[in-house]
Amino acid sequence: MNPFNKFKNWFNLAKKDKSIDPTAFALGTVLNNSPNIRMVLLKYIKPGGFIFFTNLNSLKGRSFQKNPNLSMCFYWESINRQVRINGKGKLVSEKDSDNYFSKRPRGSQIGAWASNQSSEIPNSSYLKKKNFIL
Ligand SMILES: Cc1cc2nc3c(=O)[nH]c(=O)nc-3n(C[C@H](O)[C@H](O)[C@H](O)COP(=O)(O)O)c2cc1C
């Protein structure tokens with residue numbers, strides 16, 4: 001069976017378990033030969049591609065721009081399955097990215113504007129300068 005169809009079959013079965021988010025997967029990137037993984041959410045499946053969104057300035061974004069090899073791993077306990085997907089990532093179009101952003105809740109949009117994903121917060125005065133109240 002076409003692996004995309006197989007994925008969709010299992011994904012639909014996994015969705016029946018309401019106690020988990022079946023879209024969550026571990027995303028692996030490589031920077032200077034060092035692997036890094038973190039959880040990300042799958043937003044869409046398009047023919048030939050699994051789409052997620054992130055900040056390009058994050059560690060994963062910076063890693064991807066230097067080395068496009070990505071690895072994804074889903075685990076769905078209720079159906080006793082894991083799916084691993086390896087390949088070269090591609091950026092979605094600016095239009096798709098803007099479209100996704102415009103549909104995010106207002107609080108998430110503000111969070112994305114305000115935060116530098118993956119960078120350390122040096123101290124509390126940094127946040128005060130950015131008008132976050134501690
Ligand atoms: C369940 C879950 C889902 C997440 N989904 C996303 C996501 O879709 N996009 C994203 O950029 N970060 C997401 N995160 C946060 C990332 O795991 C990570 O902490 C952040 O993106 C910074 O990663 P980096 O420093 O490796 O780039 C999620 C975290 C969790 C626990």
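All values reported here derive from a predicted model rather than from experimental measurement. One is the number of the first residue; the rest follow in order along the sequence. Indexing begins at 1, ligand by ligand and atom by atom, following the structure's order.
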List of N/O pairs, ligand 1 versus protein, all under 3.5 Å?
unit_1: ligand 1; atom_1: 5 (N); unit_2: Leu41; atom_2: N; d: 3.4
unit_1: ligand 1; atom_1: 8 (O); unit_2: Leu41; atom_2: N; d: 3.1
unit_1: ligand 1; atom_1: 9 (N); unit_2: Phe53; atom_2: O; d: 2.9
unit_1: ligand 1; atom_1: 11 (O); unit_2: Thr54; atom_2: OG1; d: 2.6
unit_1: ligand 1; atom_1: 11 (O); unit_2: Gln117; atom_2: NE2; d: 3.1
unit_1: ligand 1; atom_1: 14 (N); unit_2: Met39; atom_2: O; d: 3.2
unit_1: ligand 1; atom_1: 17 (O); unit_2: Met39; atom_2: N; d: 3.4
unit_1: ligand 1; atom_1: 17 (O); unit_2: Met39; atom_2: O; d: 2.6
unit_1: ligand 1; atom_1: 21 (O); unit_2: Lys60; atom_2: NZ; d: 2.5
unit_1: ligand 1; atom_1: 21 (O); unit_2: Gln117; atom_2: NE2; d: 3.1
unit_1: ligand 1; atom_1: 23 (O); unit_2: Lys60; atom_2: NZ; d: 3.2
unit_1: ligand 1; atom_1: 25 (O); unit_2: Ser118; atom_2: OG; d: 2.5
unit_1: ligand 1; atom_1: 26 (O); unit_2: Arg38; atom_2: NE; d: 2.6
unit_1: ligand 1; atom_1: 26 (O); unit_2: Arg38; atom_2: NH2; d: 3.0
unit_1: ligand 1; atom_1: 27 (O); unit_2: Ser58; atom_2: OG; d: 3.4
unit_1: ligand 1; atom_1: 27 (O); unit_2: Leu59; atom_2: N; d: 3.2
unit_1: ligand 1; atom_1: 27 (O); unit_2: Lys60; atom_2: N; d: 2.9
unit_1: ligand 1; atom_1: 27 (O); unit_2: Lys60; atom_2: NZ; d: 2.9
unit_1: ligand 1; atom_1: 27 (O); unit_2: Ser118; atom_2: OG; d: 3.1

Hey, is the main chain of Ser34 close enough, under 3.5 Å, to the side chain of Asn32 for a donor-acceptor pair? no
Only counting residues at least two apart or in another chain, list the ones meeting side-chain contact (heavy atoms from CB on, under 4.5 Å) with Ser58. Thr54, Asn55, Lys60, Gln117, Ser118
Whether Gln82 side chain and Cys73 backbone form a donor-acceptor pair below 3.5 Å: no
Kindly say whether Lys8 contributes a backbone atom to a donor-acceptor pair with the side chain of Asn12 at under 3.5 angstrom? yes
Test of understanding: with ring-ring contact (aromatic ring centres under 6.0 Å, His included), list the residues that count as partners of Phe7, not counting sequence neighbours. Phe11, Phe50, Phe74, Trp76
Listing request: all salt bridge (charged side-chain N to carboxylate O under 4.0 Å, His left out) pairs with a residue in residues 40-52, at least two apart in sequence or in separate chains. Lys46-Asp96
